[in-house]
Amino acid sequence: MMFFDFNITFQTSKAKSISQQKTRGHLVNHIRELNDVLGMEHMEDEMQVFIYQESSEKFNALLSIDHLQKPTVEKVQKFLRSHLETEYEMKDIQVHELREITVDNFRKLLSRGDRINFVDEYRISDDLKINFDGNRDFDVTETMCSINRLSHSQALQYAKKLMADQSLIDEFSRIYSKNNNRKKFYGHPVHYKILAGSYFSAMKIVELLTGALYANKRLVSQRIARIDNITERCYAENDFENLIKRAEGSTVVIELQGAQDNDTNYATSYEEVVDFISEVVKKYQRNTLFVFVEMVDQPGFAPKLISTIQDDLNLIELQEGAGNREQALAYLKYIKNTNDMDYYDDDDLERALGDRLSFRASDIHQISDKLYSDSLKNKIYPAYQQVDYFTISEEMKNKDDAYHILQKMIGLKEQKETLNQIIASFKIQKARLEMGLTRAKPSRHMCFTGNPGSAKTTVARLFADILSKEGILETGRFIECGRADLVGKYVGWTANIVQKKFRQARGGVLFIDEAYSLVEHWAGSYGDEAISTIVQEMENHRDDVIVIFAGYTDKMKSFLDRNEGLLSRIAFHLNFPDYNSKELLDILKLMAENKGYKLDNEVIGECQKILDKACNQENFGNGRFVRNLLEQAEMKQAQRIFKETSGKKIEKEQLIYLSAEDFKGGLSEMYKKNRSKIGFLN
């Protein structure tokens with residue numbers, strides 16, 4: 001369905017009775033009658049017209065049309081003349097400026113007519129089933145594609161400005177192919193999945209893609225509906241399907257991160273959402289273009305949905321682009337010019353790039369956002385320049401430089417060196433294959449062993465990102481799972497589940513935690529099916545998936561010793577020893593600093609005592625223990641400040657300093673009795 005705003009001019013002997021009535025009531029009743037004739041009586045038909053404003057021999061009107069071809073001025077004029085010329089003696093009816101608009105704009109203009117009693121906005125919206133923007137289970141944002149009549153060369157020029165990935169360039173070649181039939185809209189042969197680092201870069205791809213498809217009659221409408229913040233109960237409303245149905249002929253972007261405030265494990269949640277959305281998508285895939293957006297760092301329920309629908313939809317994956325420093329600077333200048341950021345010159349933009357040499361499109365958008373934010377404080381509202389801001393950084397704030405984050409991690413000296421060797425080895429293997437020096441495809445799967453909290457998962461995540469930046473992995477996607485995510489409830493289910501996990505991890509890392517639990521205490525059960533399928537899929541996906549097994553050192557050794565198929569496919573073993581008390585103290589200092597806290601010498605001394613005792617205990621938790629210790633201190637500080645201030649103004653100094661008392665009790669009291677040290681010391 002498409003929606004338009006337009007003007008109607010006419011001549012009539014009854015002009016005074018229509019637009020120059022003696023009383024307001026007569027005018028309202030007359031136009032309301034016209035709306036019934038042109039709109040309400042045609043709700044089951046293809047076309048409806050509603051007048052929302054009038055002036056002398058001119059109406060401002062709205063058109064809704066449920067047809068997969070864009071309406072012509074002649075077609076709308078014919079509809080109006082057939083209903084108005086004879087009964088209302090209106091002559092020379094002309095339609096002007098037929099402009100496509102969003103559903104939101106359509107409803108806003110209806111409400112203008114509602115205020116002067118020309119229309120019943122709620123009833124019309126309800127009958128047309130477009131009351132889907134006020135629900136609580138997902139958000140909708142609609143825009144009109146601003147790129148019109150885009151030629152192939154123009155599309156490539158736009159793509160160059162956006163540092164587009166080769167996957168988008170290749171798709172343009174298919175879209176503009178002379179072999180395609182461009183007479184009219186026939187349906188969608190393919191749909192799209194975009195993998196990006198930010199929604200801004202993803203939506204830039206969507207707009208350019210929509211412009212190209214519209215220019216080739218692969219879309220009827222230029223409307224783009226973006227659905228995001230999807231909750232676990234979106235299937236409980238009719239609004240979602242109504243939105244999709246009313247979007248036939250246009251583009252629907254579904255962002256798969258999930259609700260922003262949802263902290264569930266997507267591997268085991270959103271099942272009903274995935275089933276619901278997949279059924280709706282399959283139902284309307286012929287006439288509605290679907291673009292699924294997955295965020296690299298926050299995939300949400302993307303892996304589950306994509307693996308569910310990919311057998312029924314022809315999906316093409318598009319990735320955000322990357323470029324060198326020169327290309328990044330050109331893109332930043334382009335954003336500056338389009339966003340009216342006149343406060344910065346070329347030298348400012350050059351400095352904003354820092355000392356990096358390579359960038360993704362999402363990196364440039366983040367830099368642009370930072371520049372704009374700084375301009376608000378320093379250029380537009382300089383009175384705020386001297387304000388002392390209190391900021392709290394996240395532990396892994398700079399996710400764009402995974403290698404440096406890894407190098408800055410406390411301890412892990414041998415592990416870092418080994419990972420450097422592995423990266424170098426992968427790069428050389430890749431170069432040899434590209435030069436045809438070898439046909440062998442060496443195994444790249446790994447095993448990480450160590451106690452909980454020894455940074456196995458954190459390092460694996462960073463490693464996936466590093467390999468992506470180096471071009472060794474295509475996406476750097478990180479899929480984490482355990483026994484519950486791999487073993488099915490019934491016979492025959494497990495193999496399919498494991499295969500889906502490998503498809504989800506394509507181009508990235510599949511991290512299997514506590515892998516030994518697959519067969520531990522379940523010998524001969526479904527776990528064996530999982531292991532045999534994993535072994536087969538490791539071979540099938542040796543080019544595009546790196547599997548990392550993780551778990552306790554002793555249990556992983558026993559597990560691999562009795563599974564020769566797995567053992568022979570694992571090329572690298574990496575052990576993560578327990579942290580010593582000095583390293584744990586450094587971790588605590590770093591965590592506190594990243595949260596904006598300061599620790600004085602008394603606090604550091606108290607924490608050192610606690611950590612010395614903790615390190616002598618079995619399975620004390622390593623980094624997790626430190627995190628819990630700091631969180632406990634934060635809660636005790638909050639309670640202390642609340643009592644000390646008792647309604648008085650809280651000073652900044654009170655908030656940023658933790659005291660030694662804040663760390664006493666709780667976790668620190670658990671380890672009063674020293675035991676023999678286990679694990680490893682650096």
Side-chain angles (χ1 to χ4, degrees), residues 395-396 398-399 401-433 438 440-473 476-480 505 507-516 538 541-561 563 566-580 582-584 586-587 590 622-624 678-682:
E395 181 180 348
M396 291 176 60
N398 184 8
K399 295 183 179 180
D401 198 1
Y403 181 81
H404 288 95
I405 292 174
L406 176 62
Q407 297 307 312
K408 289 179 181 178
M409 289 183 68
I410 306 301
L412 304 175
K413 181 178 179 180
E414 294 180 6
Q415 290 71 28
K416 293 172 187 175
E417 181 59 33
T418 302
L419 287 173
N420 285 335
Q421 294 172 6
I422 292 173
I423 293 169
S425 172
F426 284 1
K427 292 174 73 173
I428 294 300
Q429 291 171 8
K430 183 173 181 285
R432 288 180 63 84
L433 285 170
T438 180
K441 297 178 180 179
S443 175
R444 301 184 294 180
H445 306 302
M446 307 179 188
C447 179
F448 287 5
T449 58
N451 289 325
S454 55
K456 298 187 298 297
T457 306
T458 301
V459 170
R461 286 183 181 277
L462 292 172
F463 192 54
D465 196 16
I466 292 168
L467 294 182
S468 174
K469 294 288 194 303
E470 294 288 347
I472 297 167
L473 286 175
R477 190 175 302 150
F478 185 85
I479 303 298
E480 181 179 357
V509 168
L510 180 62
F511 185 83
I512 303 178
D513 200 13
E514 297 185 355
Y516 40 77
M538 287 171 71
H541 290 275
R542 67 185 300 163
D543 295 337
D544 57 13
V545 175
I546 293 178
V547 179
I548 298 180
F549 296 96
Y552 288 103
T553 303
D554 293 341
K555 289 187 176 183
M556 284 302 302
K557 184 178 184 305
S558 300
F559 169 66
L560 293 175
D561 284 345
N563 289 276
L566 282 177
L567 185 61
S568 64
R569 285 170 173 79
I570 294 176
F572 303 96
H573 293 254
L574 204 58
N575 185 55
F576 288 72
D578 289 339
Y579 291 99
N580 59 40
K582 183 181 181 303
E583 290 171 334
L584 290 174
D586 289 339
I587 292 173
L590 182 60
N622 284 293
R624 294 179 192 175
I678 69 161
F680 300 85
L681 287 172
N682 283 352

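Values below: every heavy atom of this structure, side chains too, minus hydrogens, waters and symmetry copies. Nothing here was measured: the structure is a model prediction, and the numbers come from that model.
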When you measure from the side chain of [X] to the backbone N and O of [Y], does any donor-acceptor pair fall under 3.5 Å?
| X | Y | answer |
| --- | --- | --- |
| Glu417 | Glu414 | no |
| Lys416 | Gly411 | yes |
| Glu480 | Leu510 | no |

### Ring centroid separation Phe426 to Phe572 under 6.0 Å
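Ring centroids of Phe426 and Phe572 are less than 6.0 Å from each other.
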#### Entry: Phe576-Phe448 aromatic ring centre distance below 6.0 Å
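Ring centres of Phe448 and Phe576 closer than 6.0 Å.
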### Query
Can you tell me if Gln429 and Ser425 form a side-chain donor-acceptor pair at under 3.5 Å?
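Judged by distance alone, the side chains do pair up.
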### Query
Is a side-chain donor-acceptor pair under 3.5 Å present for Asp578 with Ser454?
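On atom types as modelled, these side chains do not qualify, holding no pair under 3.5 Å.
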Which pair of heavy atoms, one from [X] and one from [Y], lies closest together, and at what distance?
| X | Y | value |
| --- | --- | --- |
| Gly450 | Lys456 | O-NZ, 3.1 Å |
| Ile548 | Ala460 | CD1-CB, 4.1 Å |
| Gln415 | Asn575 | NE2-O, 2.5 Å |
| Ala550 | Met556 | O-SD, 3.8 Å |
| Met538 | His445 | O-NE2, 3.2 Å |
| Ala464 | Phe478 | CB-CD1, 4.2 Å |

### Message
Applying side chain to side chain contact (heavy atoms under 4.5 Å, CB included) to Ile423 and Leu467, what does each step give before you reach the verdict?
### Response
CA-CA 7 Å; Ile423 293 169; Leu467 294 182; 4.2 Å; yes
Is the shortest heavy-atom distance from the side chain of [X] to the side chain of [Y] under 4.5 Å?
| X | Y | value |
| --- | --- | --- |
| Tyr552 | Tyr516 | yes |
| Leu574 | Thr449 | no |
| Asn420 | Tyr403 | yes |
| Asp561 | Lys557 | yes |
| Arg569 | Val547 | no |

### Message
If we check side chain to side chain contact (heavy atoms under 4.5 Å, CB included) with Phe463, which of these qualifies: Leu406, Thr458, Ile422?
### Response
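Going through Leu406, Thr458, Ile422 one by one, the side chain to side chain contact (heavy atoms under 4.5 Å, CB included) with Phe463 is satisfied by Ile422 alone.
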With rounding to the nearest 0.5 angstrom, report the [atom1] to [atom2] distance, [X] to [Y].
| X | Y | atom1 | atom2 | result |
| --- | --- | --- | --- | --- |
| Leu590 | Ile410 | CG | CD1 | 5.5 Å |
| Cys447 | Phe559 | SG | CZ | 9.0 Å |
| Asp513 | Thr457 | CG | OG1 | 5.0 Å |
| Ile466 | His404 | CD1 | NE2 | 10.0 Å |
| Leu462 | Leu419 | CG | CG | 9.5 Å |

### Query
Does NZ or CZ of Arg461 fall inside the cone over Phe511's six-membered ring, less than 6.0 Å from its centre and within 45° of the axis?
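Relative to the ring axis of Phe511, which defines the angle, Arg461 lies outside at least one limit.
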### Task
Would you please test Arg444 and Val509 for side chain to side chain contact (heavy atoms under 4.5 Å, CB included) and show each step?
CA-CA 10 Å; Arg444 301 184 294 180; Val509 168; over 6 Å; no
